[in-house]
2 protein chains.
Amino acid sequence: MQCLTYTTVAVCTTKIGLPWMKKKKLDYTWFWEQLDAYLERANLKHSKQRNSIIEYFLDLDDHVSAEDLHTYAKDQGATAGMATIYRTLNLLKDAGLVDQKQFSDGKAVFELNRPDSHHDHLICTVCGKVVEFENSQIERLQEEVAKKYGMRLTHHSLDLFGVCERPKCKGRK
Amino acid sequence: MQCLTYTTVAVCTTKIGLPWMKKKKLDYTWFWEQLDAYLERANLKHSKQRNSIIEYFLDLDDHVSAEDLHTYAKDQGATAGMATIYRTLNLLKDAGLVDQKQFSDGKAVFELNRPDSHHDHLICTVCGKVVEFENSQIERLQEEVAKKYGMRLTHHSLDLFGVCERPKCKGRK
DNA sequence: TTACATGCAAATCTTTTGCAATGAG
DNA sequence: CTCATTGCAAAAGATTTGCATGTAA
């Protein structure tokens with residue numbers, strides 16, 4: 001599949017866990033700064049593999065499984081063992097830079113945890129298309145619910161499952 | 001821990017995946033009827049183990065992992081292989097009587113899918129306490145979001161994570 | 001020079017499956 | 001009787017870990 005324009009936001013996503021088309025090139029300095037800070041704090045180091053795995057992860061820039069990343073890295077000619085992929089993803093998780101999610105497909109997917117934008121998911125159960133959305137009214141109601149039960153909210157996870165109406169959507173999950 | 005009154009709704013839950021205190025005795029005839037219908041439709045049978053595993057599941061009546069159920073069944077003096085536990089839970093899932101959820105702890109938890117009531121979760125990340133809630137305003141907004149993206153909603157999953165304010169809550173996850 | 005990082009293989013952990021024996025209808 | 005169910009052990013799939021070796025600071 002080819003994606004010729006890089007202006008749209010959440011198209012060209014056809015299957016959970018596969019490498020998506022790249023969107024527009026984003027600025028990740030905030031990411032690398034936070035990473036540096038974390039590595040220093042934890043007495044850890046940069047390394048060739050670690051850096052390149054992370055770059056590949058940022059390339060894919062969406063719901064990425066360890067296997068996706070491994071495949072993609074290899075396709076790009078990198079030598080990256082599965083163990084290192086996992087170790088790197090766990091490092092990013094520890095650094096608070098990615099979130100790990102289970103879409104109950106067995107394998108976990110990791111996504112970039114942007115400091116500013118949180119998003120929820122609309123997932124088509126037929127074709128696997130994932131659309132991200134954000135709804136401040138829902139967020140506000142969540143805070144209300146949490147307060148009502150005496151809980152201080154740290155984060156949340158909202159996934160809406162359904163069937164999308166794209167003409168393309170015919171296949172199986 | 002003892003729970004002496006059976007009138008409250010979601011207390012006495014201390015840790016994800018452990019047997020909770022029983023709430024008030026509920027009427028599960030709707031469940032058994034639906035199960036019977038499914039077994040007949042699928043040319044399957046009742047059996048001693050299957051029935052007792054299901055009864056234990058209904059006893060626990062909350063977010064139950066296969067291991068929880070296995071342990072509980074053994075404690076009650078039943079002979080139930082892990083494989084049968086899984087097979088039974090998958091059967092209930094196929095019958096549409098339970099939902100499977102992944103709280104990203106590695107192991108899946110199963111919960112009763114009551115035909116009427118859907119609930120979301122408030123989860124304390126420190127002590128693991130789970131509270132169920134329902135908020136019709138949130139549900140309505142979800143429908144709006146789905147419509148906006150051209151999707152027909154079938155179900156959803158909303159988990160709010162935070163720290164609860166119970167005096168008891170001190171431990172680690 | 002001193003940890004930390006890597007790759008491989010082996011180990012874990014959860015869940016599924018093959019197979020011979022048992023049991024339900 | 002026939003076909004589904006069970007238990008065990010083995011298999012499978014995802015993730016982690018031990019260890020010898022390589023490498024950043």
Side-chain angles (χ1 to χ4, degrees), chain A residues 16-18 32 35-57 63-71 73-74 77-95 98-110, chain B residues 16-18 32 35-57 63-71 73-74 77-95 98-110:
Chain A
I16 291 173
L18 279 183
W32 293 104
L35 179 61
D36 282 356
Y38 174 76
L39 292 180
E40 183 153 342
R41 214 180 322 136
N43 280 313
L44 303 176
K45 297 172 180 171
H46 279 282
S47 84
K48 200 156 48 167
Q49 290 91 327
R50 182 167 290 173
N51 287 341
S52 71
I53 289 172
I54 293 176
E55 273 169 18
Y56 293 137
F57 175 77
H63 313 88
V64 182
S65 72
E67 201 187 359
D68 296 340
L69 192 46
H70 188 228
T71 306
K74 269 198 175 155
T79 63
M82 206 54 175
T84 307
I85 299 281
Y86 275 107
R87 281 192 272 235
T88 304
L89 287 171
N90 282 329
L91 180 149
L92 293 181
K93 198 170 53 166
D94 292 343
V98 307
D99 284 334
Q100 182 176 10
K101 298 207 64 174
Q102 304 272 147
F103 279 135
S104 82
D105 312 67
K107 49 178 63 170
V109 293
F110 297 80
Chain B
I16 292 173
L18 280 181
W32 293 106
L35 178 61
D36 282 357
Y38 174 76
L39 292 180
E40 182 154 344
R41 212 181 323 137
N43 279 315
L44 303 175
K45 296 172 180 172
H46 278 282
S47 84
K48 201 158 47 169
Q49 289 93 327
R50 181 167 291 171
N51 287 340
S52 71
I53 289 172
I54 294 176
E55 274 170 17
Y56 293 138
F57 175 79
H63 314 87
V64 181
S65 72
E67 200 187 0
D68 296 339
L69 192 46
H70 188 227
T71 306
K74 269 197 176 154
T79 63
M82 207 52 175
T84 307
I85 301 280
Y86 276 107
R87 282 192 271 235
T88 303
L89 286 171
N90 283 328
L91 181 149
L92 293 180
K93 199 170 51 167
D94 293 342
V98 308
D99 285 334
Q100 183 176 8
K101 297 208 64 175
Q102 303 273 147
F103 279 134
S104 82
D105 312 66
K107 50 178 63 171
V109 292
F110 297 80

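Note on naming: letters A, B, ... go to the chains in the order of the sequence lines (proteins, then strands), and numbering restarts at 1 for each one. What you see below is based on every heavy atom in this structure, not just the backbone, and it leaves out hydrogens, waters and symmetry mates. Since this is a predicted model, take the numbers as computed values, not measurements.
One atom, NZ of B:Lys93, and another, C1' of C:dT16, lie 11 Å apart when rounded to the nearest Å. Distance CD1 (B:Ile85) to P (C:dT17): 17 Å, rounded to an integer number of Å. The CE atom of B:Met82 sits 16 Å away from the P atom of C:dT17 (whole-angstrom rounding). When rounded to the nearest whole Å, the span between CD of B:Gln100 and P of C:dT15 equals 7 Å. Atom CG of B:Leu35 and atom C1' of D:dT5 are 14 Å apart (whole Å). Atom CD1 of A:Ile54 and atom P of C:dA5 are 11 Å apart (whole Å). Between the CG atom of A:Leu89 and the P atom of D:dT16 there is a distance of 9 Å, rounded to whole Å. If you measure from atom NE2 of B:His70 to atom P of C:dC13, you get 16 Å, rounded to the nearest angstrom.
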Practice task
Start with the C-alpha gap between A:Val109 and A:Val64, add the side-chain angles, then the distance that decides, and say whether side-chain contact (heavy atoms from CB on, under 4.5 Å) holds.
Solution key: CA-CA 5 Å; A:Val109 293; A:Val64 182; over 6 Å; no
Handout entry: Evaluation steps, side-chain contact (heavy atoms from CB on, under 4.5 Å), between B:Thr88 and B:Tyr56
Key = CA-CA 12 Å; B:Thr88 303; B:Tyr56 293 138; over 6 Å; no
Exercise for the section: List the steps, then state whether side-chain contact (heavy atoms from CB on, under 4.5 Å) holds for B:Lys74 with B:Leu69. Expected result: CA-CA 8 Å; B:Lys74 269 197 176 154; B:Leu69 192 46; over 6 Å; no
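Contact check, B:Asn90 against C:dT15: no side-chain N or O comes under 4.0 Å of OP1 or OP2. Distances shown here put every side-chain N or O of B:Ser47 at or beyond 4.0 Å from the OP1 or OP2 atom of C:dA24. A sub-4.0 Å separation between OP1 or OP2 of D:dG7 and a side-chain N or O of B:Gln49 is present.
With hydrogens and angles disregarded, no donor-acceptor distance shorter than 3.5 Å links the side chain of A:His46 to the backbone of A:Asn51. One N or O on the side chain of A:Thr71 and one on the backbone of A:Glu67 form a donor-acceptor pair closer than 3.5 Å. Under a 3.5 Å cut-off, the side chain of A:Arg41 and the backbone N or O of A:Ala95 do not form any donor-acceptor pair.
When distances run from any side-chain atom of B:Thr79 to the nucleotides D:dG7, D:dT15, C:dA9, the shortest one goes to D:dG7. The side chain of B:Tyr86 lies closest to C:dT15, out of D:dA9, C:dT6, C:dT15. For A:Thr84, taking side-chain heavy atoms from C-beta onward, the closest of the listed nucleotides D:dT15, C:dT15, C:dT6 is C:dT6. Taking the side chain of B:Ala66 as heavy atoms from C-beta on, and the options C:dT15, C:dA5, D:dA9, the nearest nucleotide is C:dT15.
Residue A:Arg87 places a side-chain atom within donor-acceptor reach of the base of C:dG7, judged by atom type and a 3.5 Å distance cut-off alone. Side-chain N/O atoms of B:Lys45 and base N/O atoms of D:dA4 include no donor-acceptor pair closer than 3.5 Å.
Side-chain polar atoms of B:His63 and B:Asp68 form no donor-acceptor pair below 3.5 angstrom.
Interface residues of residues 37-44 of chain B facing DNA chain C, ordered by number: none; criterion, heavy-atom separation under 4.0 Å.
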